[in-house]
Number of protein chains: 2
Amino acid sequence: MPLDTVFAALGDPTRRAILAMLLEDDMAVTDVADPFEMSLAAISKHLGVLTAAGLISQEKRGRVKWCKLEPDAMREASIWMQSFGQFEAVNLDDFERFLAAELQDDAPELSKG
Amino acid sequence: MPLDTVFAALGDPTRRAILAMLLEDDMAVTDVADPFEMSLAAISKHLGVLTAAGLISQEKRGRVKWCKLEPDAMREASIWMQSFGQFEAVNLDDFERFLAAELQDDAPELSKG
DNA sequence: CGAAACGTCAACCAAATGGTTGAATAACGG
DNA sequence: CCGTTATTCAACCATTTGGTTGACGTTTCG
């Protein structure tokens, strides 16, 4: 069941941090591991979990294995959550304002004040 | 970290099934357990996990403990996910700050529009 | 009162998870 | 070729997870 693996994968803060990093750019395994205070092997395992969940893909070029975010994998899970529609547009006003500010210029200091 | 517990809770199919049941109506623990082929104690544990994650609440009236869906708990997780699927352009740091601010003032009116 | 229903607790178990280390494999680069 | 870099594999370990059973406290009801 993809929902099982996707949600389980997202349940770990290290893996969410990895996804956040990959949001900015594709990365090699070693570079993904760099900011973390754990072994490369541990990160390699986390990447395996993310890959199994379909949240990222890995492609080997030469001796470097590139990790790439696969945002589509979250779609099903996201849709499942939204089916609990009761929780109503998560403050969509605030969210849209956030997005507008975000997409408008490069680095808005929105949390300021 | 709420995201940890929410995602981890959602990673189990039994617990997702329970949430789906509670979508229809509040239920007593025994009735929640009924359709499952596992012990009442096991379901009780699952309900504990869901409660710890804030995804449901439990209120005891008489000898019956009623379980109620708390859809708000999914908001943060849902927003987090949507940032990947649809809004790759957002700055994740800003986004985390937005989330923090958003959740700080206690579930701003989400009642339907 | 005494029995049954509701639910949790405690002890236990197997399997999965998240981490470690050290050796192994593969590809570059001098 | 040989050393170095990139990554995984294998074995191991501690902890958590998801389940079981049986005993236990409450509340309801005949």
Side-chain angles (χ1 to χ4, degrees), chain A residues 1-22 25-70 73 77, chain B residues 1-22 25-70 73 77:
Chain A
M1 193 90 61
L3 283 181
D4 286 23
T5 51
V6 169
F7 280 131
L10 294 178
D12 184 280
T14 300
R15 286 192 290 261
R16 286 200 308 279
I18 291 173
L19 291 176
M21 291 166 60
L22 292 178
D25 215 343
D26 299 358
M27 295 179 77
V29 173
T30 306
D31 295 328
V32 169
D34 203 50
F36 296 98
E37 297 204 333
M38 76 181 68
S39 69
L40 183 61
I43 295 295
S44 180
K45 281 192 191 177
H46 280 303
L47 291 171
V49 172
L50 290 170
T51 301
L55 289 165
I56 68 169
S57 60
Q58 293 181 282
E59 182 199 357
K60 193 167 178 180
R61 284 204 299 272
R63 64 180 165 178
V64 173
K65 201 163 185 179
W66 292 91
C67 305
K68 182 181 185 310
L69 194 64
E70 295 290 345
Chain B
M1 193 89 60
L3 283 181
D4 286 23
T5 52
V6 169
F7 280 131
L10 295 177
D12 184 280
T14 299
R15 287 193 288 263
R16 287 199 309 277
I18 291 174
L19 291 176
M21 291 165 62
L22 292 177
D25 215 343
D26 298 358
M27 295 179 77
V29 172
T30 307
D31 294 329
V32 169
D34 204 51
F36 296 98
E37 298 203 333
M38 75 181 68
S39 70
L40 183 60
I43 295 295
S44 180
K45 281 193 191 177
H46 280 304
L47 291 171
V49 172
L50 290 170
T51 302
L55 289 164
I56 69 170
S57 60
Q58 293 181 282
E59 181 199 359
K60 193 168 180 181
R61 284 202 300 272
R63 66 177 167 182
V64 173
K65 199 164 186 179
W66 292 92
C67 304
K68 183 183 185 312
L69 194 63
E70 295 290 346

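Protein chains get the first letters and strands the later ones, always in sequence-line order, with residue 1 at the start of each. Just so it is clear, the values below take in all heavy atoms, side chains as well, and ignore hydrogens, waters and symmetry mates.
Minimum interatomic distance between A:D4 and B:R16 (heavy atoms only, all atoms of both residues): OD1-NH2, 2.6 Å. Taking all atoms of both residues into account, the shortest heavy-atom contact from B:A73 to B:V6 is O-CG2, 3.9 Å. The shortest heavy-atom contact between B:V32 and B:L22 is CG2-CD2, 4.4 Å.
Taken over five-pair windows at either terminus, the axes of the helix from C:dC1-D:dG30 to C:dG30-D:dC1 are inclined to one another by 10° (rounded to 10 degrees).
The 5' end of DNA chain C is approached more closely, in terms of each residue's nearest nucleotide, by B:V64 than by the other of A:K45 and B:V64.
Taking atom CH2 of residue A:W66 and atom P of nucleotide C:dA27, one finds them 17 Å apart after rounding to whole Å. Residue B:D12 contributes atom CG, which lies 15 Å from atom C1' of C:dT17 at whole-angstrom precision. Taking atom CE of B:M38 as the reference point, atom C1' of D:dT17 lies 12 Å away to the nearest angstrom. Rounded to whole angstrom, the span from the CD atom of A:E37 across to the P atom of C:dG18 amounts to 19 Å. Distance CG (A:D34) to P (D:dT5): 14 Å, rounded to an integer number of Å. Going from atom CD1 of A:I43 over to atom P of D:dC9 covers 16 Å, rounded to whole Å. Rounding to whole angstrom units, CG of residue A:L40 and P of C:dG18 are separated by 17 Å.
When the side-chain nitrogen and oxygen atoms of A:R63 are compared with OP1 and OP2 of D:dT4, none of them lie within a distance under 4.0 Å. Residue B:S44 has no polar side-chain atom (N or O) positioned under 4.0 Å from OP1 or OP2 of C:dG7. Phosphate contact (OP1/OP2 of D:dT8, side-chain N/O of A:K65, threshold under 4.0 Å): present. Contact between the side-chain N/O atoms of A:S39 and the OP1/OP2 oxygens of C:dT20 is found at a separation under 4.0 Å.
Atoms CG and CD1, on A:D31 and A:I43 in that order, are 12.0 Å from each other to the nearest 0.5 Å. To the nearest 0.5 angstrom, A:I56 atom CD1 is 7.5 Å from A:I18 atom CD1.
The nucleotide whose nearest atom lies closest to any side-chain atom of B:T30 is, among D:dT8, D:dG19, C:dG7, C:dG7.
Heavy atoms of A:A41 sit under 4.0 angstrom from at least one base atom.
Looking only at distances, no side-chain donor or acceptor of A:S44 sits under 3.5 Å from a matching main-chain atom of A:L40. Between the side chain of B:R15 and the backbone N or O of B:H46 there is no donor-acceptor pair closer than 3.5 Å.
Residues of residues 46-62 of chain A that place a heavy atom closer than 4.0 Å to DNA chain C, in numerical order, are A:H46, A:G62.
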_CA sep, side-chain torsions, deciding dist, call: B:D34, B:F36, side-chain contact (heavy atoms from CB on, under 4.5 Å)_ = CA-CA 6 Å; B:D34 204 51; B:F36 296 98; over 6 Å; no
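Among B:V29, B:D26, B:T51, B:D25, the single residue meeting the side chain to side chain contact (heavy atoms under 4.5 Å, CB included) criterion with B:C67 is B:V29.
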